[in-house]
Amino acid sequence: MAQLRISLLGYPQVMVDDQPVKIKRRKAVALLAYLAVTGQRYSREALATLLWPDYDRSSAFAYLRRTLWALNQTPIAGWLDMDRESVALGGDSKLWVDVILVRETLSTCQMPEPWAVQSCLACVPQLVAAVGHYQGDFMQGFSIEDSPGFDEWLFFEAESLRYQLINGLEFLVHCYTAQDNFDAAIEYARKWVSFDSLSEKAHYCLMDLYARNGQRAMALHQYDECVRILRTQVNTEPTSETIALYKQIRAGRKPTGPQSQLQPPPTVSYQSPMQSISTSFLGVPAPGYNLPIPPTPFIGREDERRQIHNLLVDDTCRLLTLTGPGGMGKTRLAIQVTQEHLDSFADGVCFVSLASLASHEFLVSAIADALSFPFFQRESEAPLTQLLNYLREKHLLLILDNFEHLMDGVSVISDILGYAENVRVLVTSRERLNLRGEWVIELGGLRLPGVDAG
């Protein structure tokens, strides 16, 4: 049986039985990537709206038909599952997508607590393989014109995958350090720095590892590089912990014992818009505003924006769900309106990206990670209990993005709302949560003036 391989980490590549497939239309590549990564069946109307939002319904459907026809003229025709109403990819044929493989691996191997690293070494071979597939950011160098919905999806997919990759690299650094395998730890720490060069935490780890491995000059050079990057790109200085490590290395004293108990100093990863602009890895951090930075200006949805605004200032609305098919712009709309309400929540706004979570079992840890809240080693307190205690006195807004595949975890939302009376939750999902007190706004396609395609 033939195999279809779709590689999207880096510039998109498509192969059937190791033979490259040429796809001339950029929107055909975009459509193929969207179907492959999401793994879902979509109505033709949803796909036409996503890729040709500026055209009237008839013209958008015509362009979609032409694009599907073009794909059907290539060797991937056997993987297209179409009928008059909907389109999907895969069927019973062999399909390999690098993004799916990497995401599943990185989601399964969650970053352990420091004292549990040794018990998670079984994940190392899988993580090494997954990191090896990461040849570049998601669809790097690819874009299409006149489709802001697709560009938004591409942007958030790329950020989510990059965030997972960085966590995976940190995992590998800690695991190899725990084994005193400094050469391997340095290799992955260097990759960590290359993908997240504004993370002082990554620079600190690499400095520490170089020093432990007897590479004092490299450690001092890494500090100079850290200082240069922080000063020139974010106009800030290293933390006192990083400076102390530098002084220790400069004095010729090699770090000893576990690497800071595998806990680097309090730092911020300034690069990724998926991360908070105010975080701390020691003690309990204060929430910040970690909203992603959209790549393009927001246009339209005035009625929906007004509705959401009115509900966010309504004390009776503590759970608001934005529903609608994929590609409707739920995430972007939530971010846009929330940006207008940053001053309404004394303890901040926390954006939690859930698209990459493999199971609802990781929901609590995903929320904690977004809040930069560290779980403590307390046998008598479960992680959910610790999170609820932390949120109890907070006045903040939690944005839970792409919740539809985690419906078995709705009780976590219910617990948060019941335990933390000043916390509000804004959810984006393809279906409502059906929780008591839930307010729902359903999004349809944008109403834009029709354009004659000629």
Side-chain angles (χ1 to χ4, degrees), residues 266 268 274-292 304-323 330-331 333-354 357 360 362-376 378 380-403 406-407 409-429 432-441:
V268 179
M274 302 299 289
Q275 299 177 1
S276 173
I277 63 172
S278 175
T279 61
S280 171
F281 289 86
L282 296 179
V284 177
Y289 303 97
N290 70 336
L291 292 176
E304 291 89 346
R305 289 168 65 180
R306 191 178 305 110
Q307 292 180 56
I308 299 171
H309 166 80
N310 291 337
L311 289 173
L312 286 179
V313 298
D314 186 343
D315 291 338
T316 65
C317 176
R318 296 189 55 219
L319 172 61
L320 173 60
T321 304
L322 307 184
T323 67
K330 299 183 293 293
T331 300
L333 177 60
I335 292 171
Q336 179 64 29
V337 178
T338 304
Q339 286 176 335
E340 302 164 4
H341 288 272
L342 295 181
D343 294 336
S344 301
F345 303 94
D347 291 304
V349 174
C350 182
F351 182 91
V352 188
S353 179
L354 304 174
L357 259 62
H360 72 280
F362 301 126
L363 179 57
V364 172
S365 61
I367 296 173
D369 286 347
L371 288 165
S372 295
F373 170 71
F375 292 124
F376 300 101
R378 298 173 183 166
S380 60
E381 285 193 2
L384 176 58
T385 302
Q386 293 185 46
L387 178 63
L388 293 176
N389 287 333
Y390 170 71
L391 291 174
R392 185 173 186 175
E393 303 300 327
K394 301 300 179 185
H395 186 282
L396 60 82
L397 174 66
L398 280 178
I399 304 175
L400 304 181
D401 186 49
N402 289 310
F403 195 88
L406 304 174
M407 288 299 175
V410 294
S411 61
V412 173
I413 298 178
S414 181
D415 289 340
I416 290 173
L417 293 173
Y419 202 80
E421 62 181 17
N422 290 317
V423 172
R424 296 194 186 190
V425 180
L426 174 59
V427 177
T428 71
S429 173
R432 62 176 61 200
L433 308 186
N434 292 318
L435 288 176
R436 183 177 181 180
E438 177 186 23
W439 296 65
V440 178
I441 295 179

>> Looking only at side-chain N and O atoms, does T331 offer a donor or acceptor that is under 3.5 Å from a partner on D401?
In response: yes
>> Which residues pass the side chain to side chain donor-acceptor pair (under 3.5 Å) test with N402, not counting sequence neighbours?
In response: none
> Is there a side-chain contact between L400 and T428 (heavy atoms, below 4.5 Å)?
Replying inline: no
> Which atoms form the tightest heavy-atom contact between G409 and L363, and what is the distance?
Replying inline: O-CD2, 3.5 Å
> Considering only heavy atoms from C-beta outward, does the side chain of T338 approach that of I399 to under 4.5 Å?
Replying inline: yes
>> List the residues meeting side chain to side chain donor-acceptor pair (under 3.5 Å) with S414, not counting sequence neighbours, and say none if there are none.
In response: none
> If every non-hydrogen atom of E438 is compared with every non-hydrogen atom of N434, which pair is closest and at what distance?
Replying inline: OE1-N, 2.8 Å
>> Taking the side chain as everything from C-beta on, heavy atoms only, tell me whether T321 gets closer than 4.5 Å to I441.
In response: no
> What distance separates F351 CZ from L371 CG, expressed to the nearest 0.5 Å?
Replying inline: 13.0 Å
> Heavy atoms, side chains only, cut-off 4.5 Å: are F403 and I413 in contact?
Replying inline: yes
>> Walk me through whether S429 and K330 qualify under side chain to side chain contact (heavy atoms under 4.5 Å, CB included).
In response: CA-CA 8 Å; S429 173; K330 299 183 293 293; 6.0 Å; no
> Looking only at atom types and distance, does a side-chain atom of N422 sit under 3.5 Å from a main-chain N or O of H395, one as donor and one as acceptor?
Replying inline: no
>> To the closest 0.5 Å, what do you measure between CD (E304) and CZ (R306)?
In response: 9.5 Å
> Given side chains that start at C-beta, do those of I308 and L320 come closer than 4.5 Å, heavy atoms only?
Replying inline: yes
>> Return the CG to SG distance between D369 and C350, rounded to the nearest 0.5 Å.
In response: 10.0 Å
>> Please give me the minimum heavy-atom distance between V352 and A370, naming the atom from each residue.
In response: CG2-CB, 3.7 Å
>> For R432, give me all partners under side chain to side chain donor-acceptor pair (under 3.5 Å), at least two apart in sequence or on another chain.
In response: none
>> Between the side chains of R424 and D314, is the shortest nitrogen-to-carboxylate-oxygen separation below 4.0 Å, so that they form an ion pair?
In response: no
> Testing L319, L354, V440 for side chain to side chain contact (heavy atoms under 4.5 Å, CB included) with V427, which one passes?
Replying inline: L319
> Considering all heavy atoms of both residues, which atom of L417 and which atom of V425 are nearest to each other, and what is their separation?
Replying inline: CD2-CG2, 3.8 Å
>> Measuring only between side-chain heavy atoms, which start at C-beta, is L387 closer than 4.5 Å to I367?
In response: yes
> Which residues satisfy the side-chain contact (heavy atoms from CB on, under 4.5 Å) test with H309, sequence neighbours excluded?
Replying inline: V313, H341
>> How long is the straight-line distance from NE2 of H360 back to CE of M407, given to the nearest 0.5 Å?
In response: 13.0 Å
> CG of L312 to CZ of F345: how many Å apart, nearest 0.5 Å?
Replying inline: 5.5 Å
>> If the condition is side-chain contact (heavy atoms from CB on, under 4.5 Å), which residues does D415 pass it with, not counting sequence neighbours?
In response: L384, L388
> Residues two or more places apart in sequence or in another chain: which of them pass side chain to side chain donor-acceptor pair (under 3.5 Å) with N310?
Replying inline: none
> If you take all heavy atoms of G348 and L396, which pair is closest and at what distance?
Replying inline: O-CB, 3.1 Å
